Amino acid sequence: LATFNAALEVAVKANRVDDAEKVYQKALAAGIQPDRVMFNSLLLGLGKGGKLQEARALLESSAQMLCFPDRIGYTSLISGLCKASLMDEAQMVLLDMRKAGEIPDIVTYSAIMDGFCKVGKLDKAMELFSQLGSKGCVPNVFTYSILIDSLCKEGNFDGAFRIFNEMLDHCCIPTIVTYNTLINGLCKAKKLEEAWGIFQDAVKQGCTPAVETYNILINAYCNNDQLSNAFRLFHRMWKEKCHPDTVTFNSIIRGLCKMGRVQKGYNLLQQMAQKGCPPTTVTYNTVLDGLCREGDLEEARDLLLEMDTQGVKKDAFTHNTFMAFLLRVGLVEEAFETLKDLLQNGFMPT
RNA sequence: GUUUGAACUCUCGCAGCG
């Protein structure tokens, strides 16, 4: 049972909903009596996959097995639906949950608030936030971070810092993620100095920067032609024993490509594996884009072949980048050939 | 004090808005 649960969780985390369902079916076929943990994991997966009908069926059948869905199960499903941007469905499940006598908690409401934020309905999230008290819930650091993130992303830094201060007033301690949301927001608004200031605040408050923190800043420096600052942080990561990951490399490669040093970017890509960060589709897409922009058709073709030999999957970004390039240099026929291949392989044109 | 639920970071184009 524990083995199946672990496999299920991995599949759900990786958004492999059909794999998750297969694991569940296998468990049943093996004569295993599913427990709450298994149901709850699967509910999260079904939510992410937008499979509300199947989720409801699962709630029924779990009840028939006398394993009644609990608060975590409902919240899992709601959270999954929110991640799939299915807010109406999420709210329907919230009603089901109440009807079944399960009490939503701050995790449930935070998930819904985050869902609203991600579909651009910050006002709905704020409304729910203001009603938390009357629902017997106290906002925690997750709740505040969700709002701060969303406010920052729409450039409302006054609002973000107001919530941040409210959070401190309520003796809620920010985590590094809270700081990351602020730093990221400021970076995206090109307020790099202020972002760096928050980084220093975080450290001063005893928060250890995470790899995401460095990635946010490195990416910002790369996007703003400040490669030297990016490398400065890159080296600081090593000093602080915070190991760069694939995202870190991807950002630096992007910075190199942007400055016209595509070859350097490709060299870095080649070194990633031995540094424990295998290049991903994003890495290849980044270099491919660099090659296409500098008009290097041969190198671009080679890179696409390398993706195949390295077993790196191509995605819509890959094909868009390359086909746009083919069209731009007048290789219209090859572009159409490529498109035809894609359609035959079931790829959705964009 | 062993399993399940909420927040942050990377790549193309298109359209819209400024």
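Just so it is clear, the model here is predicted, and its values are computed rather than measured. Side chains included, hydrogens not; waters and symmetry mates left out as well; all remaining heavy atoms used. Sequence lines set the chain letters: A, B, ... in the order given, protein chains first and strands last, and positions in each chain run from 1.
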Side-chain donor-acceptor contact under 3.5 Å, [X] with [Y]:
X        : Y        : result
A:Thr286 : A:Thr283 : no
A:Asp70  : A:Asn40  : yes
A:Gln131 : A:Tyr109 : no

When you measure from the side-chain N and O atoms of [X] to the phosphate of [N], is any distance below 4.0 Å, counting only OP1 and OP2?
X        : N     : result
A:Lys188 : B:C10 : yes
A:Lys83  : B:A6  : yes
A:Lys13  : B:U3  : no
A:Arg36  : B:G5  : no
A:Lys258 : B:C10 : no
A:Lys313 : B:U11 : no

Side chain of [X], heavy atoms from C-beta onward: which of [options] has the nearest atom to it?
X        : options             : result
A:Arg71  : B:U3, B:G5, B:C10   : B:G5
A:Glu9   : B:U4, B:C12, B:C8   : B:U4
A:Phe142 : B:C8, B:U11, B:A6   : B:A6
A:Val107 : B:C8, B:A7, B:G5    : B:G5
A:Glu212 : B:C8, B:A6, B:G5    : B:C8
A:Phe317 : B:U4, B:U3, B:C12   : B:C12
A:Asn320 : B:G13, B:U11, B:C10 : B:G13
A:Ala111 : B:A6, B:U4, B:G5    : B:A6

Indicate, yes or no, whether a donor-acceptor pair under 3.5 Å links the base of [N] to the side chain of [X].
X        : N    : result
A:Thr75  : B:G5 : yes
A:Asn180 : B:A7 : no
A:Thr143 : B:A7 : no

Could you check how far [atom1] of [X] sits from [atom2] of [N], rounded to whole Å?
X        : N     : atom1 : atom2 : value
A:Asn5   : B:U3  : CG    : C1'   : 6 Å
A:Asp35  : B:U4  : CG    : C1'   : 9 Å
A:Leu81  : B:G5  : CG    : C1'   : 13 Å
A:Met38  : B:U4  : CE    : P     : 13 Å
A:Leu42  : B:G5  : CG    : C1'   : 14 Å
A:Lys118 : B:A6  : NZ    : P     : 11 Å
A:Leu77  : B:A6  : CG    : P     : 13 Å
A:Ile183 : B:C10 : CD1   : P     : 14 Å

More than 12 heavy atoms of other groups within 6.0 Å of A:Lys26 NZ: no
Hey, does [X] reach any base, or is it just sugar-phosphate, or nothing, if we go heavy atoms under 4.0 Å?
X        : answer
A:Ser145 : base
A:Lys153 : sugar-phosphate
A:Arg293 : sugar-phosphate
A:Asp105 : base
A:Thr280 : nothing
A:Thr175 : base
A:Asp289 : sugar-phosphate

Does A:Lys314 form a salt bridge (Lys or Arg N to Asp or Glu O under 4.0 Å) with A:Asp308? I'd like the steps, not just the answer. CA-CA 8 Å; A:Lys314 301 190 181 107; A:Asp308 292 332; 2.9 Å; yes
Donor-acceptor pair, A:Thr143 side chain versus A:Ser110 backbone, under 3.5 Å? no
Look at the rings of A:Phe129 and A:Tyr144 and say which category their plane angle falls in: under 30° parallel, 30 to 60° tilted, over 60° perpendicular. perpendicular
Only Watson-Crick and G-U wobble pairs, only distances under 3.5 Å, only runs of 3 or more: what stems does that leave for RNA chain B? none
Stepwise side-chain contact (heavy atoms from CB on, under 4.5 Å) test for A:Leu59 and A:Asp96: CA-CA 11 Å; A:Leu59 290 172; A:Asp96 292 349; 5.6 Å; no
Can you name the residues that form a ring pair (Phe, Tyr, Trp, His ring centres under 6.0 Å) with A:Tyr179, not counting sequence neighbours? A:Phe164
With ILVMFWY side chains joined below 4.5 Å, transitively, what does A:Phe68's cluster contain besides itself? A:Leu66
